[in-house]
Amino acid sequence: MSTIFNGNVVALAGGVGGARLVYGLDRALPAGALQVIVNTGDDFEHWGLHISPDLDTIMYTLADLSPENRGWGIDGDTFHALREARRRGLEDWFQLGDRDLVTHLERTAALSRGASLTEVTQNLCRGLDVDRPVLPMADAPRPTTIVTTEGTQLAFQEWLVRARGVPEVKAVRHGGDGKASPRALDALDKADLIVICPSNPYVSIDPILELEGVRQALEETPVVAVSPIIDGRAVKGPLAAMIPQLSGQAPSAKAVANHYGDLLDGYAVHPGDGFEAPYPVLQTNILIQAREDRVVFARKLLELAEGLE
Ligand code: FO1
């Protein structure tokens with residue numbers, strides 16, 4: 001396979017949208033060139049287990065285990081434990097599959113033995129033959145809280161899954177000490193290109209950007225982003241409703257670019273979503289649900305990056 005981009009690439013990613021681009025970059029880049037820094041603001045405790053939905057979505061996608069359409073969890077997983085939990089009156093609003101449960105059991109046990117989330121993730125990846133570095137953005141908890149216009153504060157998964165993302169969002173808060181993991185900072189330090197994946201800017205990318213030292217790394221390195229909005233609609237998740245609630249703008253690829261502001265050196269949008277900008281805006285098919293489309297698009301994005309000064 002020919003090399004399109006010669007250098008170290010770091011992708012900043014959340015869940016399903018991010019995972020699809022990471023999959024494409026993984027297959028398009030030579031071994032050793034890609035590292036992925038993943039949002040952990042969605043992490044939470046459920047049934048006494050430490051769940052890291054975005055880390056798992058990236059890991060399962062790279063391992064070719066995720067369902068192509070739904071994007072999260074393991075394809076073909078069964079839900080016997082969930083049904084049993086329901087029968088016994090335990091919380092059943094978050095669908096944990098039986099095979100997926102092994103990940104949460106292993107993670108929770110290793111964390112309780114004193115391993116860091118970075119180490120645990122590395123071991124989980126090894127167990128699934130994923131050899132690309134998948135790096136949690138932080139080792140310490142940094143939970144995202146949704147402040148609603150009704151005045152309530154909901155943990156992210158309570159808002160997204162339990163309340164189906166319905167309560168209107170007034171603000172998003174990021175908890176924790178604001179320290180990035182040492183491996184994430186090291187990856188950013190060595191990056192020749194940073195890719196902001198088509199993830200939700202408010203709840204997937206901002207939690208990473210607002211860690212100490214991260215924004216500065218992006219200011220010093222070429223950055224290309226991919227729009228998570230196509231023709232006014234979010235490819236996945238609640239973003240289209242959040243943009244007007246949090247920025248007062250209509251949902252569009254441009255509104256997301258405005259959010260990232262000066263950080264961008266290049267941007268990829270769907271045909272018809274282009275706009276005037278002080279950096280190249282590539283209009284191409286960014287709908288990358290199918291595996292082969294992900295690789296085709298990743299190559300185009302790397303070509304865009306290669307052409308940047
Ligand atoms: N999303 C849902 O909408 N409902 C679920 O029941 C659900 C379960 C689930 C289990 C494991 C996992 O890794 C992800 C899961 N997700 C579920 C996805 C997740 O809540 C979100 O997509 C991400 O947190 C957003 O990036």
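As the structure lists them, so they are numbered: ligands from 1, and atoms in each ligand from 1. Numbers here simply count residues along the sequence, with the first being 1.
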Open item on the list: I need the contact type for Trp72 against ligand 1. Using non-hydrogen atoms and a strict under-4.0 Å cut-off, is it side chain, backbone, both or neither?
Closed with: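 The answer is the side chain.
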
Open item on the list: Side chain, backbone, both or neither: which applies to Leu160 and ligand 1 if a contact is any heavy-atom pair less than 4.0 Å apart?
Closed with: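 Contact part for Leu160 vs ligand 1: side chain (C-beta onward).
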
Open item on the list: Checking the N or O distance criterion of under 3.5 Å, is ligand 1 in contact with Asp42?
Closed with: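 Yes, at least one N or O pair falls under 3.5 Å.
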
Task: ligand 1 N/O within reach of Asp54 N/O, cut-off under 3.5 Å - done: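 Checking ligand 1 against Asp54, an N or O pair does fall under 3.5 Å apart.
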
TODO: Can you see which heavy atom on Ala217 is nearest to which on Ile194, and at what distance?
DONE: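 Result for this residue pair: O-CD1, 4.1 Å.
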
- [ ] Report the member of His46, Gln95, Gln157 with the shortest heavy-atom distance to atom 20 (O) of ligand 1.
- [x]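 The option holding the nearest heavy atom is Gln157.
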
Task: Atom indices of ligand 1 within 4.0 angstrom of Gly15 heavy atoms, with elements - done: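 So the answer, numbered in order with elements, is 26 (O).
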
If you measure from the Lys or Arg side-chain nitrogens to the Asp or Glu carboxylate oxygens, is any gap between [X] and [Y] under 4.0 Å?
{"X": "Glu84", "Y": "Arg87", "answer": "yes"}
{"X": "Glu219", "Y": "Arg215", "answer": "no"}
{"X": "Arg99", "Y": "Asp77", "answer": "no"}

Task: Lys236: side chain to side chain donor-acceptor pair (under 3.5 Å) partners, not counting sequence neighbours - done: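 Scan of Lys236 (side chain to side chain donor-acceptor pair (under 3.5 Å), adjacent residues dropped) gives none.
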
Open item on the list: Would Asp100 count as a contact residue for ligand 1, given that I'm defining contact as a non-hydrogen atom of the residue lying under 4.0 Å from a ligand atom?
Closed with: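 Judged by the 4.0 Å heavy-atom criterion, Asp100 does count as contacting ligand 1.
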
